[in-house]
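Protein chains get the first letters and strands the later ones, always in sequence-line order, with residue 1 at the start of each.
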2 protein chains.
Amino acid sequence: MTDILIIEDNEDLGQLLADLMRREGFSVSLAKSAEEGLELLGQEVFRLLLLDVMLPGRDGFEALSEIRRSRDMPVIMMSAMTDDDSKIKGMEIGADDYIDKPFSFPVIASKVKALMRRTYERVTEKELLTACGITVDTGARRAYKDGKEIGMNGKEYDLLVYLMRHKGQALSKEVIFNAVWGEDCCSELASLSVYISWLRDKIEDDPKKPRLIQTVYRVGYRFGDGQ
Amino acid sequence: MTDILIIEDNEDLGQLLADLMRREGFSVSLAKSAEEGLELLGQEVFRLLLLDVMLPGRDGFEALSEIRRSRDMPVIMMSAMTDDDSKIKGMEIGADDYIDKPFSFPVIASKVKALMRRTYERVTEKELLTACGITVDTGARRAYKDGKEIGMNGKEYDLLVYLMRHKGQALSKEVIFNAVWGEDCCSELASLSVYISWLRDKIEDDPKKPRLIQTVYRVGYRFGDGQ
DNA sequence: CCATAACTTAAGATTAGTTTAAGGTAGATA
DNA sequence: TATCTACCTTAAACTAATCTTAAGTTATGG
């Protein structure tokens, strides 16, 4: 199975799009005509189609009608025809989205991701926070140190994520506490130092000489190895 | 159940949109602020949300984050900010589409219809989900563990499929419950843990030490053996 | 070297999650 | 229609994880 099929006759643009999508982590195949694209669709399963409207031979609309006879895959059409009628025509034939050329790459990437999410039920965007040998996968709610998972409980995890999102900044205890525990929380600020201690045990090479979570005397803490 | 909720502070535009959607055959409710919209979302089930970005009080991005904590409903954002950054921001928070103001009514109508189609009328294509020794044949609605069929009832099956489609992700109990039981379901969230328990009995090697369905304390569950 | 701040530990309280079983409901069957 | 069956929900008792507190210890800066 391949993630994305791009049907685009302009070879440069096709390659550029393919590279972009690969950089976003998708596997990609490229076809230069409707015929070639349909051929590929018959041979293999694709999760999403990026379909140019203006193609030599059969155009994108015809190709989409053909595809919709047997498949319900997500399709985004791309075209230089910015008039509303072609957009509507594409959507009525069964496209999921329509994007005008020229398009911004980040925008088309976000459209592809949103449609993948909606179709294949990926609820959360995969986000990886990395710093100083620590990686946090916020979608999975898991953290790793040098590739090995760090087992931690909810508050430890929330605290680590907060510190990593603000790495390099000296954060006051009050700010950290309010962010992690919530402002209306009834518990004591003292809990913070307890959690800091537990976190250090788990992520520092030498918890006695913390490098990742540094104490800022009379203020709070700072995440980062200080270079 | 109502088809569409429109959150739009400009009263004239909101009414116009509502009329348009009604003419397309949808039932519509209208809210003039994020707060009012969230209130309505709490009381009733909507199939799709049209969300303005610039709102008094909490803006559309904040409202969307709030909604995504418990719901995976389709959302189209609308904004006069045509810069790519806001589009991308909206999509990353979890919007399905983004439309610039001013928009053509036929275009927004076709977008709504396309997203409704994708979300609710999807032909369930046959699919083989495989992970961690469990295989589910969604065409046949059967599941197997190491090649042997696992006998399970409807809810157990739905739950397993949902978890497997999101393997590796930490999913909140609310999200799982809403996805599997349906948002307008009258039963209690507590049912979820009962079903989790039954599923574990059937798919885990050692149900006392679950590896496939992991508990994410204070959040929900995660499917996957953690590599 | 003192006063204050931060760290660590462990125990108990609290909250969350699991499991069982009983009762209800709807659809199937006779 | 009556009965049966499978499925689903709920409640309650039980178990486990996490959180807070407090007290003793160690570190820091003037």
Side-chain angles (χ1 to χ4, degrees), chain A residues 141-143 150-163 170-182 184-204 206-223, chain B residues 141-143 149-163 170-204 206-223:
Chain A
R141 243 186 117 84
R142 290 177 142 168
I150 309 163
M152 53 176 89
N153 64 34
K155 278 267 155 56
E156 288 169 353
Y157 173 87
D158 291 341
L159 178 56
L160 176 62
V161 168
Y162 186 80
L163 293 174
L171 300 160
S172 78
K173 289 185 188 185
E174 285 76 15
V175 166
I176 299 171
F177 186 80
N178 284 335
V180 176
W181 270 256
D184 49 353
C185 175
C186 54
S187 71
E188 294 286 327
L189 195 61
S191 299
L192 176 59
S193 65
V194 175
Y195 274 86
I196 291 286
S197 170
W198 289 338
L199 250 190
R200 281 175 173 157
D201 280 345
K202 293 179 182 183
I203 69 172
E204 298 283 355
D206 178 3
K208 293 280 164 198
K209 295 199 183 64
R211 285 184 348 111
L212 300 184
I213 301 177
Q214 302 155 23
T215 299
V216 184
Y217 198 80
R218 285 173 163 281
V219 177
Y221 302 93
R222 182 197 308 120
F223 186 92
Chain B
R141 239 186 121 83
R142 283 160 183 258
E149 185 168 1
I150 309 164
M152 55 175 89
N153 63 36
K155 279 266 154 56
E156 288 169 352
Y157 173 86
D158 291 342
L159 178 56
L160 176 63
V161 168
Y162 188 79
L163 293 174
L171 299 161
S172 79
K173 283 181 279 199
E174 284 77 14
V175 165
I176 299 171
F177 186 79
N178 284 336
V180 175
W181 271 256
E183 310 214 351
D184 50 353
C185 174
C186 53
S187 70
E188 293 286 326
L189 196 60
S191 299
L192 175 59
S193 63
V194 176
Y195 273 85
I196 290 285
S197 172
W198 290 339
L199 251 189
R200 282 177 172 157
D201 280 344
K202 293 179 182 184
I203 69 171
E204 297 282 355
D206 178 2
K208 293 281 163 197
K209 295 198 182 65
R211 284 185 350 112
L212 300 184
I213 302 177
Q214 301 156 22
T215 299
V216 184
Y217 204 86
R218 290 183 135 237
V219 177
Y221 301 93
R222 176 175 49 216
F223 187 93

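- For the OP1/OP2 pair of C/dC7 and a distance below 4.0 Å, the side-chain nitrogens and oxygens of A/Thr215 include at least one atom meeting the criterion.
- Along DNA chain D, the nucleotide closest to B/Ala190 and the one closest to B/Met152 are compared, and the more 5′ of them pairs with B/Met152.
- Put simply, NZ on A/Lys209 is 12 Å from P on C/dT8, counting in whole angstrom units.
- When each of C/dT20, C/dT8, D/dT20 is scored by its nearest atom to the side-chain atoms of A/Tyr195, the top-ranked nucleotide is D/dT20.
- Summarising the geometry, the separation between NZ on A/Lys155 and P on D/dT21 is reported as 11 Å, rounded to the nearest angstrom.
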### Message
Set out, in order, the CA-CA distance, both residues' side-chain angles and the distance that settles side chain to side chain contact (heavy atoms under 4.5 Å, CB included) for B/Tyr217 and A/Asn153, then state yes or no.
### Response
CA-CA 7 Å; B/Tyr217 204 86; A/Asn153 64 34; over 6 Å; no
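- Rounded to whole Å, atom P of D/dA17 lies 14 Å from atom CD of A/Glu156.
- If you measure from atom CG of B/Leu159 to atom P of C/dT18, you get 12 Å, rounded to the nearest angstrom.
- Rounded to whole Å, atom C1' of D/dT18 lies 17 Å from atom OH of A/Tyr157.
- For A/Tyr217, the side-chain atoms get nearest to D/dT28 when compared with the rest of C/dT8, D/dC19, D/dT28.
- For B/Ser197 and C/dT19, the shortest distance from a side-chain N or O to OP1 or OP2 is below 4.0 Å.
- If you take CG on A/Leu160 and CZ on A/Phe223, they are separated by 6.0 Å, rounding to the nearest 0.5 Å.
- Of the inter-residue distances, the one linking A/Ile213 atom CD1 with A/Ile203 atom CD1 reads 4.0 Å to the nearest 0.5 angstrom.
- The listed nucleotides are C/dT9, D/dT20, C/dT4; the one nearest the side chain of A/Asp201 is C/dT9.
- For the side-chain contact (heavy atoms from CB on, under 4.5 Å) criterion with A/Leu212, the lone passing option out of A/Glu204, A/Arg200, A/Arg222 is A/Glu204.
- Base contact: B/Ser193 has a heavy atom under 4.0 Å from a base atom.
- Residue B/Lys208 has its side chain nearest to C/dT19 when only C/dG17, C/dT19, C/dT4 are considered.
- Proximity of A/Lys173 to the phosphate of C/dA5: no side-chain N or O atom is located under 4.0 Å from OP1 or OP2.
- Between B/Trp198 and B/Tyr195, the ring-plane angle classifies as perpendicular under the 30° and 60° cut-offs.
- Taking the side chain of A/Trp198 as heavy atoms from C-beta on, and the options C/dG17, C/dA6, D/dT20, the nearest nucleotide is D/dT20.
- In this model, the phosphate group of C/dC7 is approached by a side-chain N or O of A/Arg200 to a distance below 4.0 Å at OP1 or OP2.
- Distance from the side chain of A/Val194 is smallest for C/dA10 among the nucleotides C/dA10, D/dT9, D/dA17.
- Between the C1' atom of D/dC19 and the CZ atom of A/Phe177 lies a distance of 11 Å, rounded to the nearest Å.
- Rounded to a whole Å, the CG atom of B/Asn153 is 15 Å from the C1' atom of C/dG27.
- Rounding to the nearest 0.5 angstrom, the gap separating the CD atom in A/Glu174 from the CG atom in A/Leu192 is 9.0 Å.
- Distances were taken from every side-chain heavy atom of A/Tyr221 (C-beta onward) to each of C/dC7, D/dT10, D/dC7; the shortest belongs to C/dC7.
- Nucleotide D/dA16 holds its P atom 18 Å from the CD atom of B/Gln214, rounded to whole Å.
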